[in-house]
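Source: prediction; values computed, not measured. Lettering of chains follows the sequences in order, A, B, ..., and the numbering in each one begins at 1.
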Number of protein chains: 2
Amino acid sequence: MSILFSRQCEYAIQGVLYLALKPEGEMTSIKELTKRLDIPYHFLGKILQRLAAKGLLMSLKGPTGGFALTKRAKDITLFDIVEAVDGSAFTKNCVLGFPECSGKNPCAVHNTWGRMRDEIYEMLVSKNISDMAKEMKKPEYRVAG
Amino acid sequence: MSILFSRQCEYAIQGVLYLALKPEGEMTSIKELTKRLDIPYHFLGKILQRLAAKGLLMSLKGPTGGFALTKRAKDITLFDIVEAVDGSAFTKNCVLGFPECSGKNPCAVHNTWGRMRDEIYEMLVSKNISDMAKEMKKPEYRVAG
DNA sequence: TCATATTCAGATTTTTCTATCCGAATTTAA
DNA sequence: TTAAATTCGGATAGAAAAATCTGAATATGA
Ligand code: SF4
Ligand code: SF4
């Protein structure tokens with residue numbers, strides 16, 4: 001069970017973080033990404049294609065081709081990625097899964113969870129990819145070297 | 001996409017909350033539960049059976065049979081249910097899905113998420129089923145009357 | 001005793017998510 | 001011009017989760 005984000009979304013985050021380490025404009029191939037991050041090749045391909053279709057990434061075919069960010073890493077937040085892949089339903093849905101509860105007469109977890117959800121959202125929009133990526137240069141993140 | 005808890009776990013919570021409204025020792029059938037809560041009949045059956053096997057519920061066959069809590073609602077926390085159904089992996093796994101990160105050199109979200117995860121855990125163990133169930137008597141929770 | 005209402009156990013189906021496969025289109029560089 | 005390396009698009013396969021089906025076991029009460 002993956003928490004908070006789908007597997008696909010986790011891969012997307014990991015991939016974009018890796019791209020953010022590259023000099024602006026440089027293309028990175030799926031091959032390189034999957035080798036470094038230990039993500040299934042074709043699956044990551046699909047994921048990045050979708051991110052490209054949504055405008056978050058650009059892509060180029062052919063040798064020397066690959067993917068790159070369309071904006072500066074400073075201007076991309078975690079939330080941008082999460083929203084593009086998993087959507088933002090978590091900001092609205094009841095955490096207990098009740099389908100028709102408005103929260104007008106809030107139950108015992110409503111406000112508590114509401115605060116946490118806001119904090120999570122705040123975390124996602126306040127963390128930019130550039131800052132996070134810098135932390136990733138450490139060797140322990142290089143899974144499967 | 002359900003947040004935090006699997007669908008099955010959400011159903012379990014909803015079911016147990018409903019049981020907590022009943023007088024101690026009274027049996028409630030799957031039929032009644034699913035009618036009130038709008039949960040698939042056979043699916044909830046399976047879920048409650050598993051909770052019974054784990055000792056959280058007791059069950060009785062035959063007419064007048066059904067399910068009931070084994071402990072007083074005051075003594076059951078949300079975490080008891082969540083752990084029985086989804087496990088407690090969320091207290092340990094990396095929120096970004098990195099498989100081999102120890103957090104020795106924490107990335108930008110590690111500590112922030114760590115705090116939130118602790119808060120979530122704290123919420124789950126501090127909320128008892130009795131208190132929560134009282135809130136559920138309100139009509140808006142009665143989905144599909 | 002017998003019809004009925006329930007849980008129980010296991011198999012099966014359906015749906016959703018994850019992952020793979022294949023061939024076409026594009027780009028590069030020799 | 002041609003071979004090679006890549007992304008692209010769509011189909012497909014596999015795995016996991018959600019939901020259903022079936023028949024057996026058990027308990028109730030008439
Ligand atoms: S009040 Fe409780 S049940 Fe209703 S939406 Fe909020 S958390 Fe969910
Ligand atoms: S430091 Fe970052 S990548 Fe590592 S476990 Fe913590 S949140 Fe995950």
Protein-nucleotide distance (A:Glu10, atom CD; C:dA19, atom P), rounded to Å: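 In whole Å, C:dA19 P lies 10 Å from A:Glu10 CD.
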
Separation of D:dA18 P from B:Asp38 CG (nearest whole Å):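 In whole Å, D:dA18 P and B:Asp38 CG are 16 Å from each other.
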
N/O (side chain, A:Tyr11) to phosphate O (OP1/OP2, C:dT18) under 4.0 Å: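 No, because none of the side-chain N or O atoms of A:Tyr11 sits under 4.0 Å from OP1 or OP2 of C:dT18.
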
Residue-phosphate contact under 4.0 Å: A:Arg7 side-chain N/O, C:dA19 OP1/OP2: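 For C:dA19, OP1/OP2 do have a side-chain N/O of A:Arg7 under 4.0 Å.
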
Any residue in [range] with a heavy atom nearer than 4.0 angstrom to DNA chain D? Just list them by number, or reply none.
{"range": "residues 59-67 of chain B", "value": "B:Lys61, B:Gly62, B:Pro63, B:Thr64"}
{"range": "residues 23-30 of chain A", "value": "A:Ser29, A:Ile30"}
{"range": "residues 39-54 of chain B", "value": "B:Pro40, B:His42, B:Phe43"}

Checking [X] side chain against [Y] main chain: does a donor-acceptor pair fall under 3.5 Å?
{"X": "A:Asp118", "Y": "A:Arg115", "answer": "no"}
{"X": "A:Asp86", "Y": "A:Ser6", "answer": "yes"}
{"X": "B:Thr28", "Y": "B:Leu19", "answer": "no"}

Distance, nearest 0.5 Å, that separates OH of B:Tyr11 from CD1 of B:Ile47: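 If I round to the nearest 0.5 Å, the distance is 7.5 Å.
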
Over all atoms of both residues, closest heavy-atom pair of A:Leu37 and A:Gln14: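 So the minimum-distance heavy-atom pair works out to CD1-O, 3.6 Å.
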
Greater than 12 external heavy atoms within 6.0 Å of B:Met58's CE: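 It does not: B:Met58 CE has 12 such atoms or fewer within range.
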
Electrostatic pair B:Lys22-B:Glu32, nearest N-O below 4.0 angstrom: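 Here B:Lys22 pairs with B:Glu32 in a salt bridge, since their nearest N and O are under 4.0 Å apart.
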
Residues which pass side chain to side chain contact (heavy atoms under 4.5 Å, CB included) with B:Pro63, listed by chain and number, not counting sequence neighbours: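 Testing B:Pro63 for side chain to side chain contact (heavy atoms under 4.5 Å, CB included), a comparison that skips the adjacent residues, returns none.
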
Contacts of B:Lys127 that satisfy salt bridge (Lys or Arg N to Asp or Glu O under 4.0 Å) - sequence neighbours left out: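 Applying salt bridge (Lys or Arg N to Asp or Glu O under 4.0 Å) to B:Lys127 gives none.
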
Of all pairs that satisfy salt bridge (charged side-chain N to carboxylate O under 4.0 Å, His left out), the ones with a partner from residues 68-79 of chain B, not counting sequence neighbours: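 Listed by first then second residue: B:Arg72-B:Asp75, B:Lys74-B:Asp131.
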
